[in-house]
Chemist: 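One structure coming up, written as structure tokens, with questions to follow.
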Amino acid sequence: MSDALTGSCLCGACTFTATPDEQEAGACHCGMCRKVAGGINIAVGCSDVTWNEGAPIKVYRSSDWAERGFCGTCGANLFWRAVGGDAGREVIALNAFDTPGAFPVTRQIFVDDKPDSYALAGDLVSLTGAEVRAMYAPEGGTT
Ligand SMILES: [Zn+2]
Ligand SMILES: [Zn+2]
């Protein structure tokens with residue numbers, strides 16, 4: 001666990017403090033993340049996330065088990081979280097942090113959904129969508 005860090009949306013109406021679970025970030029190439037982020041969605045798993053009072057956050061339920069938050073004023077992509085997950089547990093967009101450079105990108109998921117237009121450099125842990133679903137399949141589910 002590291003110290004709480006701060007960040008905001010583009011317009012500054014939404015600000016947060018969050019404690020990163022680890023000092024690294026992951027990229028998701030899935031179709032939903034690409035539509036939400038307008039590019040590669042790079043994010044950091046965090047605990048103890050606290051938003052400022054009155055932050056105009058809008059939440060979009062993107063699947064049966066996940067929802068995504070964005071600023072209702074400027075539209076900035078802010079977080080992903082599991083529906084019914086632990087309070088304060090959110091995966092925050094890397095570039096919402098005031099210090100995004102603090103998190104090297106060490107893994108990427110849904111690599112089979114990545115368009116051919118670009119590729120991340122470096123020696124990353126890479127998982128396909130099927131591999132991710134196998135790891136996080138609901139209890140009783142099969143791969
Ligand atoms: Zn904003
Ligand atoms: Zn994704």
Side-chain angles (χ1 to χ4, degrees), residues 4-143:
L5 296 176
T6 59
S8 73
C9 64
L10 172 62
C11 75
C14 303
T15 60
F16 65 88
T17 60
T19 304
D21 294 336
E22 49 191 359
Q23 213 64 34
E24 53 190 52
C28 185
H29 301 289
C30 85
M32 286 192 282
C33 282
R34 287 189 285 108
K35 287 289 190 186
V36 157
I40 307 171
N41 201 11
I42 303 177
V44 180
C46 294
S47 301
D48 302 321
V49 180
T50 306
W51 294 92
N52 60 310
E53 185 94 29
I57 292 173
K58 300 272 193 197
V59 173
Y60 173 69
R61 179 85 172 253
S62 53
S63 73
D64 286 346
W65 52 288
E67 55 192 16
R68 296 158 187 275
F70 60 97
C71 173
T73 300
C74 70
N77 170 39
L78 295 173
F79 62 81
W80 177 101
R81 69 185 175 203
V83 171
D86 295 337
R89 168 100 193 114
E90 295 177 351
V91 183
I92 305 239
L94 173 73
N95 283 299
F97 282 93
D98 294 329
T99 53
F103 304 97
V105 179
T106 57
R107 62 191 178 279
Q108 57 182 343
I109 60 174
F110 287 86
V111 287
D112 46 332
D113 287 343
K114 184 184 74 59
D116 292 334
S117 319
Y118 50 77
L120 291 171
D123 188 17
L124 307 177
V125 172
S126 298
L127 298 174
T128 65
E131 288 169 332
V132 172
R133 278 186 282 270
M135 288 172 71
Y136 300 105
E139 207 146 325
T142 57
T143 56

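Positions are given from 1 along the sequence. Ligands are counted one by one from 1 in listed order, and the atoms in each one are counted from 1 as well. Remember, predicted model here, so these are calculated numbers, not experimental data.
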Chemist: Does the side chain of Leu78 come within less than 4.5 Å of Glu90's, by heavy atoms?
Modeler: no

Chemist: Between Leu120 and His29, is there a side-chain heavy-atom distance shorter than 4.5 Å?
Modeler: yes

Chemist: Pro104 and Gln23: which non-hydrogen atoms are nearest, and at how many Å?
Modeler: CD-O, 3.4 Å

Chemist: Where does the angle between the aromatic ring planes of Phe103 and Phe97 fall among parallel (under 30°), tilted (30 to 60°) and perpendicular (over 60°)?
Modeler: tilted

Chemist: What class does the angle between the rings of Phe79 and Trp51 fall in, given that below 30° is parallel, 30 to 60° is tilted and above 60° is perpendicular?
Modeler: tilted

Chemist: Got Cys30 and Ile109 here, is their nearest side-chain heavy-atom distance under 4.5 Å?
Modeler: no

Chemist: Using a cut-off of 2.8 Å, how many protein N, O or S atoms sit around the Zn ion (ligand 2)?
Modeler: 3

Chemist: Suppose we screen for side chain to side chain donor-acceptor pair (under 3.5 Å). Which residues come up paired with Ser62, at least two apart in sequence or across chains?
Modeler: Arg68

Chemist: Distance below 2.8 Å from the Zn ion (ligand 1): how many protein N/O/S atoms qualify?
Modeler: 4

Chemist: Is any side-chain heavy atom of Val59 less than 4.5 Å from a side-chain heavy atom of Arg81?
Modeler: yes

Chemist: Using the salt bridge (charged side-chain N to carboxylate O under 4.0 Å, His left out) rule, collect all pairs that involve residues 105-115, keeping only residues at least two apart or in two chains.
Modeler: Glu22-Arg107, Glu24-Arg107

